[in-house]
Protein chains: 2
Amino acid sequence: MSSIDIELANTIRQDIIEGTLEHGARITEAKLCDWHNVSRTPVRLALRRLEQEGMIRKGDGRGYVIEGISVDDIRQAVQVRGHLESLAARLMAQRDNQKDSLDKMNQAVLQMDSLTNMGRLDDAIIREMHASNVEFHSAILDGCGNDYVKFTCGQISHLPMLAAGSMVFDRDSISGNKDIEKSILRLKIGNSQHRIIYEAIVQGDAVRAEGMMREHSNTMIEYIETFETRNTKLTVSDLVSYTVQSSQEMNSETVEQVKQ
Amino acid sequence: MSSIDIELANTIRQDIIEGTLEHGARITEAKLCDWHNVSRTPVRLALRRLEQEGMIRKGDGRGYVIEGISVDDIRQAVQVRGHLESLAARLMAQRDNQKDSLDKMNQAVLQMDSLTNMGRLDDAIIREMHASNVEFHSAILDGCGNDYVKFTCGQISHLPMLAAGSMVFDRDSISGNKDIEKSILRLKIGNSQHRIIYEAIVQGDAVRAEGMMREHSNTMIEYIETFETRNTKLTVSDLVSYTVQSSQEMNSETVEQVKQ
DNA sequence: GATGGATATTTGGGATCCCAAATATTCTAA
DNA sequence: TTAGAATATTTGGGATCCCAAATATCCATC
């Protein structure tokens with residue numbers, strides 16, 4: 001288990017994302033101490049961390065102010081992440097002898113293939129799909145040869161939907177068991193993009209790898225937009241509930257060790 | 001003046017960049033307290049900050065270990081930053097009515113024009129050139145409509161050469177007053193790229209804007225490589241000495257307020 | 001009643017203290 | 001002499017205390 005200040009930062013971040021702590025609200029160290037029954041030392045550390053993440057900012061005089069996260073923020077961050085991944089794909093295509101990462105990518109593609117071919121979408125399968133997706137995307141960041149791409153991606157991965165290889169599912173459709181085929185089709189299309197990216201990298205086709213990754217990254221943005229057309233008052237919490245959370249999420253602690 | 005922990009983080013970061021604190025060296029809170037005559041509270045805050053930046057990492061058991069920065073790290077980070085700027089250029093070209101930012105860019109281009117036409121490269125002129133360069137690059141980040149691009153750039157801007165609009169000069173040539181024409185030519189070429197980027201954005205030519213920015217960003221990487229061919233043992237300190245430092249550098253505090 | 005200044009309270013930054021875990025050292029027994 | 005246990009020391013995390021700056025409250029004066 002992490003130290004209190006990390007846990008605290010996670011809790012407060014969650015509260016901000018969920019909207020429990022509203023945008024623009026003022027918070028003081030003392031209140032947080034009170035709420036969470038800890039002393040001011042870990043609270044201070046947690047606040048500094050959140051400040052560096054951009055979740056809160058120092059108020060004019062004293063105190064901190066909640067910055068909050070909007071759906072538009074998520075969209076923007078997804079765009080940044082996607083752009084960084086397209087760089088990673090290009091760089092990896094320009095290198096060679098990344099057998100390790102390539103094998104992982106291939107494995108992930110095959111695994112996702114067999115998963116989508118099962119024609120079902122229960123929790124276990126979704127979790128496995130997510131794992132494959134994480135595997136694929138992480139392998140590119142690891143194999144691109146530029147550690148700062150991964151590091152920089154890690155810097156925004158505390159936001160909802162922005163952890164490495166996050167997947168989005170249409171909760172409503174799945175729970176209602178309708179349009180399962182549609183969701184699976186979408187996953188198959190996504191995996192076909194994975195395969196193309198993999199092939200392009202193997203063949204050293206940097207332009208194609210980058211282009212396909214760019215297209216692939218757009219998928220999530222478009223998906224967010226379909227949510228928005230259906231639900232004009234789409235909240236960040238809604239988005240979170242659409243996102244698959246792995247049990248062992250990449251947290252900021254591991255992120256900081258990207259460079260080994 | 002900032003609080004002690006910010007200052008302390010800056011000092012320690014500087015020591016790491018300069019190599020005073022060597023890569024792999026172990027540091028303890030107590031020693032830092034001793035060296036800087038402060039209590040452990042600000043030291044802890046500074047260490048956490050540096051840890052988040054990736055400059056240090058927690059050791060296996062106790063203590064922290066210096067990660068250090070290599071020339072290759074800088075090259076990688078420059079690549080990431082350039083890629084993000086190319087995204088910004090594309091996004092800005094796709095928007096319209098960014099009159100404010102466009103004016104600033106145009107102003108910066110004109111200013112750089114007149115500066116390069118003076119045919120001299122003294123300190124004052126270099127400082128003004130740097131200011132124009134910062135103006136140009138900041139305007140794109142501000143005008144692209146995606147706050148996370150700027151925020152993410154800010155996350156790596158504590159590294160040498162990676163503050164917004166950093167410029168690199170061939171110190172040896174300038175101090176020796178030889179090859180001034182060559183340096184000025186390089187600056188003129190750079191500014192012609194600025195002008196093309198500006199024009200492309202005005203015309204809404206996203207592809208051209210992105211492509212030109214990508215090319216423009218490559219310049220610094222290539223310049224680093226010319227340094228390397230000349231000096232096979234190029235150190236990070238060398239690179240720092242080639243970099244123009246504005247008197248009012250964008251520090252981490254302002255970076256955190258990107259989102260306003 | 002409004003205004004300005006004096007006083008009280010809140011609040012964040014820094015220092016110090018305590019504690020448990022990790023590490024180093026010493027000592028004992030085979 | 002050496003392995004291993006017992007002890008001492010170092011070290012980081014957390015709690016608490018102090019202080020100065022910022023803010024709020026109150027009161028006297030006009």
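Since the structure is predicted, the reported quantities are computational estimates derived from the model, not experimental observations. Sequence lines set the chain letters: A, B, ... in the order given, protein chains first and strands last, and positions in each chain run from 1.
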Figure out the [atom1]/[atom2] separation between [X] and [N], and round it to whole Å.
X	N	atom1	atom2	result
Ile6(A)	dG13(D)	CD1	C1'	12 Å
Leu8(A)	dG13(D)	CG	C1'	13 Å
Ile4(B)	dT16(C)	CD1	P	12 Å
Glu7(A)	dG14(D)	CD	C1'	15 Å
Tyr64(A)	dT23(D)	OH	C1'	18 Å
Arg49(A)	dG13(D)	CZ	P	11 Å
Asp5(A)	dG12(D)	CG	P	14 Å
Leu45(B)	dG13(C)	CG	P	8 Å

* **Atom pair CE/CG of Met55(A) and Leu21(A) - distance to nearest 0.5 Å** =>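 One finds 9.5 Å between CE of Met55(A) and CG of Leu21(A).
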* Asked: Nearest nucleotide by nearest heavy atom, which residue falls closer to the 5' end of DNA chain D, Arg44(A) or Arg40(B)?
  ->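 Final value for this comparison: Arg40(B).
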* What class does the angle between the rings of His137(B) and His194(B) fall in, given that below 30° is parallel, 30 to 60° is tilted and above 60° is perpendicular? ->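 Rings of His137(B) and His194(B): perpendicular, over 60°.
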* Asked: Parallel, tilted or perpendicular: which fits the ring planes of His83(A) and His83(B), with parallel below 30° and perpendicular above 60°?
  ->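 Answer is parallel, since the angle falls under 30°.
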Using modelled atom types and a 3.5 Å cut-off, is there a donor and acceptor pairing between side-chain atoms of [X] and backbone atoms of [Y]?
X	Y	answer
Asp238(B)	Thr235(B)	yes
Asp73(B)	Ser70(B)	yes
Gln76(A)	Gly145(B)	yes
Arg81(B)	Leu162(B)	yes

* To do: Can you see which heavy atom on Ser217(B) is nearest to which on Glu85(B), and at what distance?
  =>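 Where Ser217(B) meets Glu85(B) most closely, the heavy atoms are OG-OE1, 4.1 Å.
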* Asked: Do NZ/NE/NH1/NH2 and the carboxylate oxygens of Arg75(B) and Asp72(B) come within less than 4.0 Å?
  ->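 Salt bridge between Arg75(B) and Asp72(B), a charged N being under 4.0 Å from a carboxylate O: yes.
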Enumerate the protein-to-nucleotides 19-22 of chain C contacts in which both atoms are nitrogen or oxygen and the separation is below 3.5 Å.
residue	atom	partner	partner atom	Å
dA22(C)	N3	Arg62(B)	NH1	3.2

* Asked: Is Ser39(A) near enough to dA15(D) that one of its side-chain N or O atoms lies under 4.0 angstrom from OP1 or OP2?
  ->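 Yes, because at least one side-chain N or O of Ser39(A) sits under 4.0 Å from OP1 or OP2 of dA15(D).
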* When you measure from every atom of DNA chain C, which of residues 25-35 of chain B have a heavy atom less than 4.0 Å away? ->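 Heavy-atom cutoff 4.0 Å gives no residues at all.
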